[in-house]
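Structure first, commentary second.
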Amino acid sequence: MLFGAAGACAGVYQNRLNVVGLHWAFLCSGSAFSYGLLTSVLFIPPLISLALSVVGATFASCGLTLLRLKIASHNFTILTFAIVMVWLSVLKLIPRHYGGIYGLSGVPELIGYLNRNIETIIFSFLILLFAVLTFRYEHRSRIRVSAELVAENPTQAQDLGAHSVFTLSLYGALSGVIFGCFGVVQAAYVGFVGVNSFDIGFSIIVLSLAVSYSISVRFFCIALICVVTAPDLLKLLGVSGSGVSYLRLMISGALLLGICIRVRREKIAFGV
Amino acid sequence: MHLECKHISKRYGSKLVLNDVSFTLGSSGLTLITGPNGSGKSTLLDILQGVTSQTSGEVVIDGKFVKRKIRAQVLLRQLQEESLYPTITVGEYLDFAKNVHSRRLSLQKPKRISLDEVYLKNFKALFKTSKIEEQFGTPMRLLSGGQRKLVVTVASLIRPQKILLLDEPFAGLSQLAASQLIPIIKNESKSRLIIVVDHELHDFQYSCDRVFHLREGHVSEVHQS
């Protein structure tokens, strides 16, 4: 459910703004670490920590998205890639007490009196519901038109009456909320946040889902099963966690490769 | 709303693209600026629009210098037809162009428009000729180049700005569609200032109130009605 919401969110974001983003790992990792620090080190109640972490991710995402006004779409991809790499390096330099290279363990649950699994299912369902309702509304509103105009030519869009900053901020905020929640829920589920919890591989997985989403919803569902569900099922057959991660990354790469070769270019928001 | 260009010069490195260009245009009327490729027409439009700054001289609207952001409220340069918006339909595009947007409005559903809209009544024949009347629900990217050009020209004409800069509005249009578009532009110019830029002089010049010729950065007036 979490990957479903994240993939759809990234798909809508990339299609509307005509960019390829790789900053998803940065947003998730940022909010997960914030949540870990706020709850484990500063002892702030989990739900307040959740809200603060998501607000932080939202601001970060808005700021990043607004850069789209200043830079070309292909440079945006490079920028987001660089941000993830810098962020992961910064995380390793943080003192051990605040996470650092060993990560933060003992990250508490969100509600506490529920089983971690049930809690994760509830929150994941809520995030998915939020994503579905929001993007259903978005598809039918003028904001979609506004976003595509801004993505194509901000000056022209302004002349047509579009609010560039408002439009980009809105998409930035939506992705910030969804990926921020993703990071926190994942951290609360595992009870640990590490440098490798959300690395560039995570961004690649989300990218493959996002590109699948831009083809069709049906294709997105198939991709979701191939990339997320099928490797998870292999765990039941005794495949190790790291093996599953590598497999997931491999399937994502193969999916991206297949799409690039087979699907007509204009259907994919490659932005270049 | 008077538009005045005072001694505009533009230099790209050692190349002088515009050299002391000056003219004053009234609050309404149709002006044609013509000239061969590379004569500086697009640079002049960029400067008038405010997206490029001139090396010297100034652009004055109603006797005042107007910043780019505020200038966009009174001056519109024709939209570009090359844009391949993934999902925007013809109807949505025209609906968006018609409305003056607030943040609240941009979160609402676009109105499903048809040729019966009051603001489109002047364009009925044009849309029929170009076979756009049945395509209001079609994504813009699926239109032909000429059709897309026509839709963006119409979108520019239904915008409320008092000064309109049209960049080769007849390029890619059939002769019939172009002949239908000329009286519409002429009619619109009764209430606002329309500047058309084209690289060649054709029959359209006889509908214009003033015609300027731009050559190697110099402007000269060749016709005044």
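The line from CG of B:Leu76 to CD of A:Gln156 is 8.5 Å long, rounded to the nearest 0.5 Å. For the atom pair B:Lys98 NZ and A:Leu160 CG, the distance stands at 13.0 Å (nearest 0.5 Å). Taking CD1 of B:Ile88 as the reference point, atom CZ of A:Arg142 lies at 12.5 Å (rounded to 0.5 Å). With values rounded to the nearest 0.5 angstrom, A:Leu149 atom CG is found 6.5 Å from B:Tyr93 atom OH.
A salt bridge links A:Arg144 to B:Glu92: at least one charged side-chain nitrogen sits closer than 4.0 Å to a carboxylate oxygen.
Both the backbone and the side chain of B:Thr87 come within less than 4.5 Å of a heavy atom of chain A.
Under the side chain to side chain contact (heavy atoms under 4.5 Å, CB included) criterion, A:Ala82 pairs with no residue, sequence neighbours left out.
More than 12 heavy atoms of other residues, nucleotides or ligands sit less than 6.0 Å from atom NZ of B:Lys186. Summarising the local packing, CZ of A:Phe81 is surrounded by 12 or fewer heavy atoms from other residues, nucleotides or ligands at distances under 6.0 Å. Atom OH of B:Tyr12 has more than 12 heavy atoms from other residues, nucleotides or ligands within 6.0 Å.
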